[in-house]
Amino acid sequence: MVDQVRRSVIFIIQQYSQISGIYLCGHSAGAHLVAMTLSTDWTKYEVTPDIKGAFLVSGIYDLLPIVKTYINGPLKMTDEDALRNSPIQHVDKVRHWSEKCEIIIVVGEHDPPEFHRQSEEYFEGLKNAGLCIHYEDVPDTDHFNVIEQLTEGDYLLTQMILKMILRT
């Protein structure tokens with residue numbers, strides 16, 4: 001699935017070569033996929049997309065804790081699979097391949113503790129790598145309604161995305 005997202009980014013920049021950059025946004029597993037996309041070695045694809053911003057909402061950045069849970073039943077992930085696909089393991093790659101990308105990590109106030117822990121650890125890793133990174137804990141939201149209000153113009157996250165786009 002990670003490779004499919006990477007290929008989608010390539011498709012967009014090839015189809016719309018006139019655009020001056022792209023912004024990525026993902027929620028939950030989608031935030032995981034966006035984070036993995038930021039760590040992509042684009043030379044393998046013979047293209048370098050200009051990813052100007054990434055907005056990661058209530059994401060999962062460390063898959064290792066999932067391996068020993070019922071959630072892994074249909075996934076059948078090994079520890080090696082989990083490490084290979086955990087964004088927290090690829091901070092150096094993000095620094096190398098997406099160093100000019102502004103990244104915003106968001107978590108809902110009432111998200112489960114594991115989402116808070118992973119978001120904070122990923123944020124700290126990217127911050128320590130010297131990347132342009134911001135963290136927002138959105139009050140009075142949970143894992144689902146933190147993203148549901150994104151269509152509202154005056155919603156905090158909508159405003160953050162618009163400011164990111166207008167800034168770059």
Side-chain angles (χ1 to χ4, degrees), residues 1-63 75 77 81-108 111 115 118-119 122-123 125-138 141 143-168:
M1 193 175 276
V2 172
D3 193 53
Q4 290 174 337
V5 173
R6 290 171 173 154
R7 290 177 202 223
S8 296
V9 169
I10 293 165
F11 176 81
I12 290 168
I13 62 171
Q14 289 174 337
Q15 284 295 118
Y16 304 98
S17 58
Q18 73 279 9
I19 62 173
S20 62
I22 62 172
Y23 296 85
L24 303 175
C25 179
H27 171 252
S28 198
H32 164 264
L33 292 170
V34 170
M36 288 300 293
T37 301
L38 295 177
S39 70
T40 303
D41 175 353
W42 293 106
T43 60
K44 296 177 185 177
Y45 299 92
E46 299 178 2
V47 65
T48 305
D50 182 15
I51 302 174
K52 293 187 174 201
F55 201 69
L56 311 174
V57 183
S58 295
I60 183 158
Y61 310 107
D62 179 6
L63 299 180
L75 301 174
M77 258 191 314
D81 294 331
L83 289 170
R84 184 178 62 253
N85 289 291
S86 290
I88 196 79
Q89 300 293 322
H90 303 291
V91 169
D92 287 342
K93 290 179 184 177
V94 176
R95 185 182 69 226
H96 182 77
W97 295 106
S98 300
E99 67 181 339
K100 295 180 181 174
C101 176
E102 181 178 357
I103 303 168
I104 299 176
I105 295 178
V106 174
V107 67
D111 259 334
F115 283 93
Q118 290 195 22
S119 294
Y122 192 52
F123 167 77
L126 295 173
K127 183 174 118 180
N128 292 338
L131 292 162
C132 181
I133 181 83
H134 311 280
Y135 185 87
E136 188 70 36
D137 190 336
V138 183
T141 58
H143 188 72
F144 300 102
N145 68 8
V146 70
I147 198 76
E148 290 172 352
Q149 301 172 61
L150 205 53
T151 59
E152 299 171 15
D154 60 346
Y155 180 50
L156 172 67
L157 299 188
T158 306
Q159 290 299 309
M160 290 176 73
I161 290 172
L162 292 174
K163 285 178 185 172
M164 176 196 289
I165 292 169
L166 296 173
R167 202 172 24 242
T168 56

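For this chain, numbers begin at 1 and follow the sequence in order. Keep in mind that this is a model prediction, so the values were computed, not measured.
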- Note on the structure: Contacts satisfying salt bridge (charged side-chain N to carboxylate O under 4.0 Å, His left out) that involve residues 7-16 (not counting sequence neighbours) are D3-R7
- Message: Listing request: all salt bridge (charged side-chain N to carboxylate O under 4.0 Å, His left out) pairs with a residue in residues 23-49, at least two apart in sequence or in separate chains.
- Response: none
Heavy-atom distance under 4.5 Å between the side chains of [X] and [Y], does that happen here?
X: I105; Y: V57; result: no
X: I103; Y: L56; result: yes
X: M77; Y: L63; result: yes

Rounded to the nearest 0.5 Å, what's the gap from [atom1] on [X] to [atom2] on [Y]? Could you check?
X: M164; Y: L162; atom1: CE; atom2: CG; value: 10.5 Å
X: I12; Y: I19; atom1: CD1; atom2: CD1; value: 7.0 Å
X: Q15; Y: S8; atom1: CD; atom2: OG; value: 12.0 Å

- Query: Of all residues at least two apart in sequence or in a different chain, which pass the ring pair (Phe, Tyr, Trp, His ring centres under 6.0 Å) check with F55?
  - Reply: none
Partner residues of [X] under the side-chain hydrogen bond (donor to acceptor under 3.5 Å, both in side chains) criterion, sequence neighbours left out:
X: T40; result: R6
X: D81; result: T78, R84
X: T141; result: none

- side chain to side chain contact (heavy atoms under 4.5 Å, CB included) between V107 and V138, worked out: CA-CA 6 Å; V107 67; V138 183; over 6 Å; no
- Message: For a quick test of reading the model, state the closest non-hydrogen atom pair linking C101 to A54 and the distance between them.
- Response: SG-N, 3.7 Å
- When every non-hydrogen atom of A129 is compared with those of V91, the smallest separation belongs to CB-CG1, 3.7 Å
- Listed once per pair and sorted, the ring-ring contact (aromatic ring centres under 6.0 Å, His included) pairs that draw on residues 35-54, sequence neighbours left out: W42-Y45
- Under the side chain to side chain contact (heavy atoms under 4.5 Å, CB included) test, residues paired with H134 that sit two or more places apart: E102, I104, C132
- Can you list the residues that meet the salt bridge (charged side-chain N to carboxylate O under 4.0 Å, His left out) rule with D62, with sequence neighbours excluded? R117
- In chain order, what residues pass the salt bridge (charged side-chain N to carboxylate O under 4.0 Å, His left out) check against R95, with sequence neighbours excluded? D92
- Message: If you apply the rule side chain to side chain contact (heavy atoms under 4.5 Å, CB included), what do you find for W97 with T43, and how did you get there?
- Response: CA-CA 10 Å; W97 295 106; T43 60; 3.6 Å; yes
Can you list, pair by pair, the side-chain donor-acceptor contacts under 3.5 Å of residues 24-38, counting residues two or more places apart and other chains?
{"unit_1": "H27", "atom_1": "NE2", "unit_2": "H143", "atom_2": "O", "d": "2.6"}
{"unit_1": "S28", "atom_1": "OG", "unit_2": "H143", "atom_2": "NE2", "d": "2.9"}
{"unit_1": "H32", "atom_1": "NE2", "unit_2": "N85", "atom_2": "O", "d": "2.6"}
{"unit_1": "T37", "atom_1": "OG1", "unit_2": "L33", "atom_2": "O", "d": "2.8"}

List the atom pairs, donor and acceptor, that lie under 3.5 Å between side-chain atoms in residues 147-156 and the rest of the protein, sequence neighbours left out.
{"unit_1": "Q149", "atom_1": "NE2", "unit_2": "N145", "atom_2": "O", "d": "3.2"}
{"unit_1": "Y155", "atom_1": "OH", "unit_2": "V146", "atom_2": "O", "d": "2.6"}

- Check the angle between the aromatic planes of Y122 and Y61 and answer parallel, tilted or perpendicular using the 30° and 60° thresholds. parallel
- Start with the C-alpha distance between S20 and K52, add both sets of side-chain angles, then the distance that settles side chain to side chain contact (heavy atoms under 4.5 Å, CB included), and finish with yes or no. CA-CA 9 Å; S20 62; K52 293 187 174 201; 4.0 Å; yes
